[in-house]
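Both ligands and their constituent atoms are indexed starting at 1 by order of listing. Predicted, not measured: the structure shown is a model, and the values here were computed from it.
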Amino acid sequence: MKSNIALIGFMGTGKSEVGRLLAARLKFKFIETDALVEARAGKSISRIFDEVGEIGFRELEIEVVKDVARERRAVIACGGGLVLNKINIDRLKERSVIVLLTATPSVILKRVAAQAGQRPLLDVDNPAMVIRDMLKSRKPFYTAAADTVVDTARLTPHQIIEEIINRLESDESLHFQK
Ligand code: S3P
């Protein structure tokens, strides 16, 4: 059985906000892989990208996921590109139900614009186009990794956590046990 919930999805789909609420509701530990990468490196995500590029960042992310995957009763908000390395998902799946959050490109654009400077991959001249392209190329990775998918489009964060809890409790094929 699995007692962790790993939230995956593109940047700006609400993984951190939903994850924090979900963890509080279930009385689980809340973990963000991005925050652990920053703590391990002793610098911000943007600085890591500047200094060692995306490849260096992904190496750190793999190390963090290796540790995080051993947790129990945790909600894990995963960096948006963590799914690109299958080893991360294989490790997480041992103890975590993988929940994919989706949102439309326009909602994503709005959310990431409100948090400017925090996402080096979208720090570009035409973020709308980059978001659409990246969503398209990453879709197969998200779909393959997900045990269940929640479309966040018309739901409030509270409705999203209720939907997730509902599924975890009612769908036996997810093998979730608190
Ligand atoms: C990334 C998403 C970010 C962070 C890094 C790379 C990505 O996390 O890990 O900037 O490749 O999608 P969020 O999804 O929490 O923004």
Side-chain angles (χ1 to χ4, degrees), residues 4-23 28-69 71 74-89 91-92 96 98-146 149-153 157 160-161 164:
N4 297 328
I5 302 155
L7 300 177
I8 62 165
F10 200 77
M11 294 170 264
T13 50
K15 292 164 293 181
S16 298
E17 187 184 1
V18 168
R20 209 167 269 124
L21 280 172
L22 185 58
F28 277 21
K29 187 196 266 192
F30 176 62
I31 296 168
E32 276 180 296
T33 62
D34 284 348
L36 293 183
V37 167
E38 289 183 324
R40 192 168 289 215
K43 50 190 93 153
S44 69
I45 305 275
S46 298
R47 277 230 11 230
I48 299 170
F49 269 73
D50 277 350
E51 291 177 10
V52 294
E54 182 174 351
I55 305 263
F57 170 78
R58 297 290 170 215
E59 283 171 3
L60 283 165
E61 189 171 56
I62 286 172
E63 288 310 308
V64 160
V65 172
K66 198 173 172 180
D67 292 345
V68 159
E71 291 282 344
V75 175
I76 305 161
C78 297
L82 178 155
V83 293
L84 300 173
N85 286 304
K86 189 170 173 288
I87 184 76
N88 290 331
I89 296 300
R91 286 183 171 143
L92 285 170
S96 310
I98 315 278
V99 179
L100 170 62
L101 301 184
T102 63
T104 60
S106 62
V107 167
I108 289 170
L109 183 62
K110 231 181 269 164
R111 289 217 187 113
V112 299
Q115 303 158 355
Q118 290 176 30
R119 295 187 173 90
L121 292 175
L122 299 179
D123 198 4
V124 293
D125 288 341
N126 189 346
M129 198 180 75
V130 170
I131 288 169
R132 273 196 307 275
D133 288 351
M134 283 178 75
L135 273 173
K136 198 167 162 203
S137 63
R138 286 185 177 184
K139 196 172 175 199
F141 293 90
Y142 289 129
T143 309
V149 185
V150 177
D151 178 1
T152 67
I160 296 168
I161 70 165
I164 293 172

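Under a cut-off of 6.0 angstrom, the local environment of CZ in F49 is crowded, with over 12 non-hydrogen atoms contributed by other residues, nucleotides or ligands.
Residue pairs meeting the salt bridge (Lys or Arg N to Asp or Glu O under 4.0 Å) criterion with at least one member in residues 11-22, sequence neighbours excluded, are R20-E32. A side-chain hydrogen bond (donor to acceptor under 3.5 Å, both in side chains) check over residues 99-110, counting only residues at least two apart or in different chains, returns the pairs T104-S106. Counting only residues at least two apart or on different chains, no salt bridge (Lys or Arg N to Asp or Glu O under 4.0 Å) pair has a member in residues 114-142.
Using a 4.0 Å cut-off between charged nitrogen and carboxylate oxygen, E38 and K43 do not count as a salt-bridge pair.
Within 4.0 Å of ligand 1, protein heavy atoms belong to M11, K15, D34, I45, F57, R58, G79, G80, G81, R119, P120, L121, R138, listed by chain and number.
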Chi angles and distances behind the salt bridge (charged side-chain N to carboxylate O under 4.0 Å, His left out) call for D67, R91: CA-CA 9 Å; D67 292 345; R91 286 183 171 143; over 6 Å; no

